[in-house]
**Q** 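My questions will all concern the structure given below.
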Amino acid sequence: MKSGLLWLILLLLTVLNPALAQDTITTTGQKPLIYKFNIKENIAPAVWRQTQQAFEEADSLDADVILIHMNTYGGTVLDADSIRTKILNSTRPVYVFIDNNAASAGALISVACDSIFMRKGASIGAATVVNQTGEKMPDKYQSYMRSIMRATAESHGGDTIISGQDTTFQWFRDPKIAEAMVDESIYIPGVIDTGKILTFTPSEAMKYGFCEGIAENVPEVLEQIGYEDYELVEYKPTALEKLIGFLVNPMVSGLLIMAILGGIYFEMQTPGIGFPLIIAIAAAFAYFAPLYLEGLAANWEIMLFIVGLILIAVEIFVLPGFGIAGLLGITLSFTGLVLSLLDNINFNFEGVHPEKILSALTTVIVALFGGFLLSLVLSKRLFTANSGAFKNLSLHSTQEKEEGFVGVDTSYKYLIGHKGVAYTVLRPSGKVKIEGKIYDAVAGLGMIDRGDEIIVIKAEAAQLYVEKA
């Protein structure tokens with residue numbers, strides 16, 4: 001009775017307002033909703049962030065199926081592991097269509113999916129962990145990758161087969177085969193020999209349970225799954241999301257840290273110019289803003305960095321020398337940069353993988369060191385008097401004393417040997433009183449308390465140097 005009434009309402013809506021009728025059909029679930037998400041780039045933090053957004057949108061639309069359209073040569077293990085976990089914990093089926101490549105991290109993500117479909121000529125495997133130059137990483141990293149590949153394959157379960165009085169368990173996806181995609185020392189009769197990393201073609205993957213079908217395009221995949229009349233919604237990252245994804249890339253983060261350091265350095269070398277400081281501020285904003293928007297950097301982490309810079313400035317301009325303020329400022333700034341790269345908003349590191357901490361430390365240390373060296377090199381090239389790009393910002397001639405140029409008050413020279421008292425504490429700079437006049441002075445040795453008798457030992461650049469009398 002109720003279904004007949006529903007169809008009558010839909011018929012009336014079709015006559016009165018066809019668009020509204022179509023919306024009603026969709027919302028009542030007459031057509032299954034397929035949510036498609038593309039992974040067609042290297043696996044990186046940006047892909048992991050987009051994966052979270054895609055799964056959230058699929059949940060909000062109550063999609064029947066999530067289909068990953070994949071073509072990747074791999075990427076970072078940590079982000080691939082996060083995507084793998086997201087797939088395994090999904091409450092709705094997740095399928096993957098390998099359109100040419102699912103190598104390394106892509107293989108791990110594919111094995112996590114409920115069903116794997118491959119295009120003719122595609123491949124899956126070669127999941128050995130390598131560094132950025134393509135060299136194989138130490139066994140510690142391989143051991144971790146082997147374990148998650150095994151665990152991912154095991155998560156799909158298997159069947160207990162009873163043959164006569166023999167009972168055996170057969171995995172849907174053999175964990176040993178998954179491990180052979182990482183470790184070349186594994187030997188599986190008829191599948192892979194030792195000394196070779198396992199990579200499957202579509203027919204081989206189907207033979208050994210790592211592919212459920214071969215298709216040329218997404219409609220063919222959905223037809224094999226059993227969907228013919230459906231609604232397809234595809235995840236589309238916005239321009240802002242693409243920009244954030246670009247900025248949170250570890251390499252870009254490192255370059256931004258270098259720009260922060262370089263801008264501050266050049267501003268100190270050429271005070272008053274202004275634009276190096278503007279570059280440093282812009283780089284700091286570009287570094288922290290996307291991390292803050294993505295929930296990685298908290299307010300207190302950004303404040304650590306700012307307070308650290310303030311303490312460094314105080315050490316340089318207010319408290320000559322290098323003491324507690326400088327060390328504390330460097331520590332706070334460094335800590336703020338590192339923690340902002342970690343997902344530990346409440347200072348809780350339980351969910352932060354050690355490899356992620358190491359990656360954040362490496363990014364900041366290499367960037368700071370590289371920025372320091374680059375600043376030294378560029379300062380010579382950009383501000384050289386005769387050939388530098390900013391040569392007009394510096395003086396080209398020298399005002400020699402023999403030509404009558406004097407830059408400081410030479411009357412201070414006559415004070416050498418005169419005695420007075422410390423008007424303030426000198427540690428090492430302060431003020432002294434000589435013959436009723438107050439002068440800026442620096443203690444030549446140790447600290448001088450207020451009221452102590454002093455003697456002038458040297459006068460340079462309008463600055464007196466004194467010692468206890």
**Q** Residues in ring-ring contact (aromatic ring centres under 6.0 Å, His included) with Phe117, at least two apart?
**A** none
**Q** Could you check Asp79 against Thr76 for side-chain hydrogen bond (donor to acceptor under 3.5 Å, both in side chains), going step by step and ending with a plain yes or no?
**A** CA-CA 6 Å; Asp79 295 303; Thr76 62; 2.5 Å; yes
**Q** Apply side chain to side chain contact (heavy atoms under 4.5 Å, CB included) to the pair Trp48 and Asp81, showing each step before the final yes or no.
**A** CA-CA 9 Å; Trp48 163 228; Asp81 187 26; over 6 Å; no
**Q** Under 3.5 Å, is there a donor-acceptor pair between the Tyr227 and Asp64 side chains?
**A** no
**Q** Any sub-3.5 Å donor-acceptor pair from Arg173's side-chain atoms to Ala178's backbone N or O?
**A** no
**Q** Relative to the ring of Phe210, is the ring of Phe200 parallel (under 30°), tilted (30 to 60°) or perpendicular (over 60°)?
**A** tilted
**Q** What pairs with Glu220 under side chain to side chain donor-acceptor pair (under 3.5 Å), at least two apart in sequence or on another chain?
**A** none
**Q** Say you draw a straight line from CD of Gln224 to CZ of Phe97; how long is it, rounded to the nearest 0.5 Å?
**A** 9.5 Å
**Q** With no hydrogens and no angle check, do the side chains of Asp183 and Gln142 hold a donor and an acceptor under 3.5 Å apart?
**A** no
**Q** So among Glu57, Lys36, Gln53, His69, which one has a side-chain hydrogen bond (donor to acceptor under 3.5 Å, both in side chains) with Tyr235?
**A** Gln53
**Q** Are the side chains of Leu33 and Tyr230 in contact, using a 4.5 Å heavy-atom criterion?
**A** no
**Q** Working to the nearest 0.5 Å, report the span between OH of Tyr95 and CD1 of Ile34.
**A** 8.5 Å
**Q** Is there a donor-acceptor contact under 3.5 Å from the side chain of Thr152 to the main chain of Ala112?
**A** no
**Q** Given Ile186 and Lys176, is the side chain to side chain contact (heavy atoms under 4.5 Å, CB included) satisfied, shown in steps?
**A** CA-CA 8 Å; Ile186 293 177; Lys176 201 69 175 177; 4.0 Å; yes
**Q** For Asn71, give me all partners under side chain to side chain donor-acceptor pair (under 3.5 Å), at least two apart in sequence or on another chain.
**A** Asn101
